[in-house]
Amino acid sequence: MSEVEETTKPQVKQQASFFKAMKAVFWSFLGIRKKNDYEQDAAKLNPVHVIIAGLIGALIFISTLVLIVRQVVAK
């Protein structure tokens with residue numbers, strides 16, 4: 001291949017891992033996200049990973065609240 005052909009190849013967008021989606025959702029739950037980080041996440045993260053990570057985060061959050069309420073009410 002010539003040098004010209006190599007530079008005209010379309011760039012493949014690299015997908016981020018599920019762990020990075022969990023990290024992005026965690027920081028979003030806290031409300032601490034830089035605009036630059038948000039834009040990078042929007043470009044790289046798989047929407048299915050973000051939805052699954054959001055559901056897992058919501059389940060953990062609700063479970064934690066239920067456990068706290070049970071502990072407080074039991075006393």
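Any value given below was found using the heavy atoms of this structure, including those in side chains, with hydrogens, waters and symmetry copies removed. Numbers for residues simply follow the sequence, beginning at 1.
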Engineer: What's the separation between atom NE2 in H49 and atom OG in S17, rounded to the nearest 0.5 Å?
Structural biologist: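 Here the rounded value is 8.5 Å.
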Engineer: Could you pull out all residues at least two apart from L67 that satisfy side chain to side chain contact (heavy atoms under 4.5 Å, CB included)?
Structural biologist: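 In terms of side chain to side chain contact (heavy atoms under 4.5 Å, CB included), with neighbours along the sequence ignored, L67 is linked to no residue.
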Engineer: Does atom CZ of F29 have more than 12 heavy-atom neighbours from other groups under 6.0 Å away?
Structural biologist: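 Yes, the 6.0 Å shell around CZ holds more than 12 heavy atoms from other groups.
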Engineer: Does L55 belong to the same Ile/Leu/Val/Met/Phe/Trp/Tyr cluster as W27, with side-chain heavy atoms less than 4.5 Å apart forming each link?
Structural biologist: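 In one cluster with L55: W27, no.
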Engineer: Could you grab the distance from atom CD1 of I51 to atom CG of L45, nearest 0.5 Å is fine?
Structural biologist: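 With rounding to 0.5 Å, CD1 (I51) is 12.0 Å from CG (L45).
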Engineer: Do you know which two heavy atoms are closest between A21 and V50, and how far apart they sit?
Structural biologist: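 Where A21 meets V50 most closely, the heavy atoms are CB-N, 4.2 Å.
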Engineer: Is there a side-chain contact between I56 and F18, using heavy atoms and a 4.5 Å cut-off?
Structural biologist: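 Side chain of I56 against side chain of F18, heavy atoms only: contact under 4.5 Å found.
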